[in-house]
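Just so you know, residue 1 is the first one in the sequence shown, and it goes up from there. Order of appearance sets the numbers: ligands from 1, and atoms from 1 within every ligand.
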Amino acid sequence: MLIVIVGGMFGDEGKGKIVSYIAVKDDVDVGVRAGVGTNAGHTVVYKNRTFKLRQVPSSFVNERCKLYIGPGVLVDVNVFMNEVNLLSLHGRVWIDGNCAIIEEYHKERDKSDPHLSKVVGTTGTGNGPAMEDRVRRIAKVCRDIELLKEFIDDVSLRVNEAIDKKEKVVIEGSQGTFLSLYHGTYPYVTSKDTTASAALSDVGVGPKKVDEVVVVFKSYITRVGGGPLENELSIEEAKRLNLLEYGTVTGRPRRVAPFNMKLAKRAVMLNSATQIAITKIDTLFTGASKVREYHKLPNEAKKFIEEIESELNVPVTLIGTGSETDDIIDLRDKKLRK
Ligand code: IMP
Ligand code: MG
């Protein structure tokens with residue numbers, strides 16, 4: 001059983017929360033991180049503790065789950081080692097030997113290059129410049145790094161073996177559909193494709209092995225860095241509506257806009273979504289906070305969900321109602337709908 005989970009907008013949709021919920025609820029065997037690299041910040045709030053992950057899969061909350069980082073993902077050795085130590089992941093996390101390395105000078109270039117830092121507004125984490133070096137085939141890869149020796153494995157092989165053994169596998173994408181180098185708002189995008197197909201390629205799994213593609217949308221849209229954002233709210237308006245957020249990695253205030261059905265439709269198409277997760281519905285609708293059953297949602301919240309479903313023609317199966325991993329309405333069993 002393979003589930004691919006990706007962001008439907010500009011990142012920060014709440015992928016970490018959705019992945020961690022499924023990892024625990026479905027007792028997932030294998031969690032794999034896809035995506036660009038440490039530019040991502042996936043937030044998981046589990047048993048009252050907040051984790052801000054940039055490198056390892058959000059599935060770590062299930063202590064039984066094996067964790068992998070796919071060969072397409074960039075690795076920052078310090079960030080990786082910090083997360084391994086902080087979360088005591090020795091012996092349950094592996095990196096593919098072909099993951100390329102982010103080095104100090106990549107970060108410096110990311111921050112000093114005026115196009116990257118001022119126009120695109122990158123995260124400054126060195127991901128774009130490391131991707132450049134990878135394309136030029138001069139980047140170092142993980143199998144050459146002594147410190148990583150104990151973590152190196154053939155991740156594509158392990159993940160395919162797990163799928164073939166009918167284990168439960170979750171591939172976790174990073175960023176969001178419209179930050180894709182190919183499908184996003186170029187040039188205000190990240191340094192590679194971020195759709196479900198790219199997540200598969202990051203890991204080395206073919207499309208026929210996929211059972212479900214979950215596209216995660218937040219109840220409203222946020223974006224950090226440059227680029228178009230339709231119906232963007234002023235900072236004052238965002239504050240007034242309690243929608244102002246700050247970046248997990250950069251601390252920058254996020255730009256805010258209302259949910260955008262046109263973009264959502266396109267994200268469904270680009271990822272061939274089979275399920276939709278909607279997060280932070282409690283931020284839009286008072287009375288939705290920490291609700292776990294659909295019928296207990298306020299009517300306006302139900303109307304919002306039902307409109308998304310009918311417009312996108314894909315079932316909304318998970319609804320986030322708070323920051324904790326299990327603050328969620330799980331509608332994957334259709335009988336729970338009423
Ligand atoms: P880069 O990925 O650091 O090169 O940044 C390129 C663009 O993608 C900038 O607008 C960043 O703010 C945005 N970006 C990259 N990663 C994330 C993420 O995980 N969440 C939100 N925005 C991101
Ligand atoms: Mg984030």
*Asks:* Could you check atom 21 (C) of ligand 1 against the protein and tell me its nearest heavy-atom contact, residue, atom and distance included?
*Replies:* Asp12 OD2, 3.0 Å

*Asks:* Please name the residue in the list Gln55, Lys107, Arg54 that meets the side-chain hydrogen bond (donor to acceptor under 3.5 Å, both in side chains) test with Asp76.
*Replies:* Lys107

*Asks:* Just going by heavy-atom distances, which of Thr125, Thr122, Thr250 is nearest to atom 1 (P) of ligand 1?
*Replies:* Thr122

*Asks:* So that I know where these two stand, are Phe304 and Phe285 an aromatic pair - ring centroids less than 6.0 Å apart?
*Replies:* yes

*Asks:* Restricting to N, O or S, what is the name of the atom of Asp12 that lies nearest the Mg ion (ligand 2)?
*Replies:* OD1

*Asks:* Should the proximity of Arg252 to ligand 1, defined as any heavy atom under 4.0 Å, be assigned to the side chain, the backbone, both, or neither?
*Replies:* side chain

*Asks:* Under a 4.0 Å heavy-atom limit, does Val36 contact ligand 1 with its side chain, its backbone, both, or neither?
*Replies:* neither

*Asks:* Tell me which protein heavy atom sits closest to atom 10 (O) of ligand 1, plus the residue, atom name and distance to 0.1 Å.
*Replies:* Val224 O, 3.0 Å

*Asks:* Which of the atoms in ligand 1, numbered in the order shown and given with their element, are less than 4.0 Å from a heavy-atom of Gly225?
*Replies:* 10 (O)

*Asks:* If the cut-off is 4.0 Å to any non-hydrogen atom of Gln175, which atoms of ligand 1 fall inside it?
*Replies:* 15 (C), 16 (N), 17 (C), 18 (C), 19 (O)

*Asks:* For Thr222 and ligand 1, answer yes if some heavy atom of the residue is under 4.0 Å from a ligand atom, otherwise no.
*Replies:* no

*Asks:* Considering all heavy atoms of both residues, which atom of Val291 and which atom of Ile329 are nearest to each other, and what is their separation?
*Replies:* O-CG1, 3.4 Å

*Asks:* Under 3.5 Å, N or O to N or O, is Gly11 touching ligand 1 that way?
*Replies:* no

*Asks:* If the cut-off is 4.0 Å to any non-hydrogen atom of Phe10, which atoms of ligand 1 fall inside it?
*Replies:* 21 (C), 22 (N)

*Asks:* Give me the atom names and distance for the closest heavy-atom approach of Val56 to Glu83.
*Replies:* N-OE1, 3.0 Å

*Asks:* Within a distance under 4.0 Å of any heavy atom of Ala40, pick out the atoms of ligand 1 and give their elements.
*Replies:* 19 (O)

*Asks:* Determine, stepwise, if the pair Met1 / Lys209 fulfils side chain to side chain contact (heavy atoms under 4.5 Å, CB included).
*Replies:* CA-CA 8 Å; Met1 170 79 181; Lys209 288 200 174 165; over 6 Å; no

*Asks:* Specify the closest pair of heavy atoms between Thr279 and Lys218, including all atoms of both residues, with the distance to one decimal.
*Replies:* OG1-CA, 3.3 Å

*Asks:* Please work out whether any backbone atom (N, CA, C, O) or any side-chain heavy atom from C-beta onward of Tyr188 is under 4.0 Å from ligand 1, and answer side chain, backbone, both or neither.
*Replies:* neither

*Asks:* Using a distance threshold of 2.8 Å, state whether an N, O or S atom of Gly247 lies below it from the Mg ion (ligand 2).
*Replies:* no

*Asks:* Flag Asn39 as yes when one of its N or O atoms lies below 3.5 Å from any N or O atom of ligand 1, and as no otherwise.
*Replies:* yes

*Asks:* For atom 3 (O) of ligand 1, tell me which residue out of Thr123, Leu116, Val249 has the closest non-hydrogen atom.
*Replies:* Thr123

*Asks:* Between Lys262 and Glu230 (salt bridge meaning N to carboxylate O under 4.0 Å), is one present in this structure?
*Replies:* yes

*Asks:* Applying side chain to side chain contact (heavy atoms under 4.5 Å, CB included) to Arg92 and Phe60, what does each step give before you reach the verdict?
*Replies:* CA-CA 9 Å; Arg92 59 179 286 226; Phe60 85 93; 4.3 Å; yes

*Asks:* Please report the C-alpha distance between Phe178 and Val189 in whole Å, then the side-chain angles of each, then the deciding distance to 0.1 Å, and finally whether the side chain to side chain contact (heavy atoms under 4.5 Å, CB included) criterion is met.
*Replies:* CA-CA 7 Å; Phe178 299 107; Val189 292; over 6 Å; no

*Asks:* Could you report the tightest heavy-atom contact between Ser59 and Val19, atom names first, then the distance?
*Replies:* OG-CG1, 3.4 Å

*Asks:* So which protein heavy atom does atom 7 (C) of ligand 1 come closest to, and at what separation?
*Replies:* Val189 O, 3.8 Å

*Asks:* Determine, for Asp133 against Arg109, whether the closest basic-nitrogen to carboxylate-oxygen distance falls under 4.0 angstrom.
*Replies:* yes

*Asks:* For ligand 1, which atoms sit closer than 4.0 Å to a heavy atom of Thr190?
*Replies:* 1 (P), 2 (O), 6 (C)

*Asks:* Could you tell me whether Leu179 approaches ligand 1 through its side chain, its backbone, both or neither, with non-hydrogen atoms closer than 4.0 Å?
*Replies:* side chain

*Asks:* Could you tell me whether Trp94 and Phe151 have their ring centroids closer than 6.0 angstrom?
*Replies:* no

*Asks:* Which is closest to atom 11 (C) of ligand 1 by heavy-atom distance: Gly247, Ser174, Pro129, Gly121?
*Replies:* Gly121

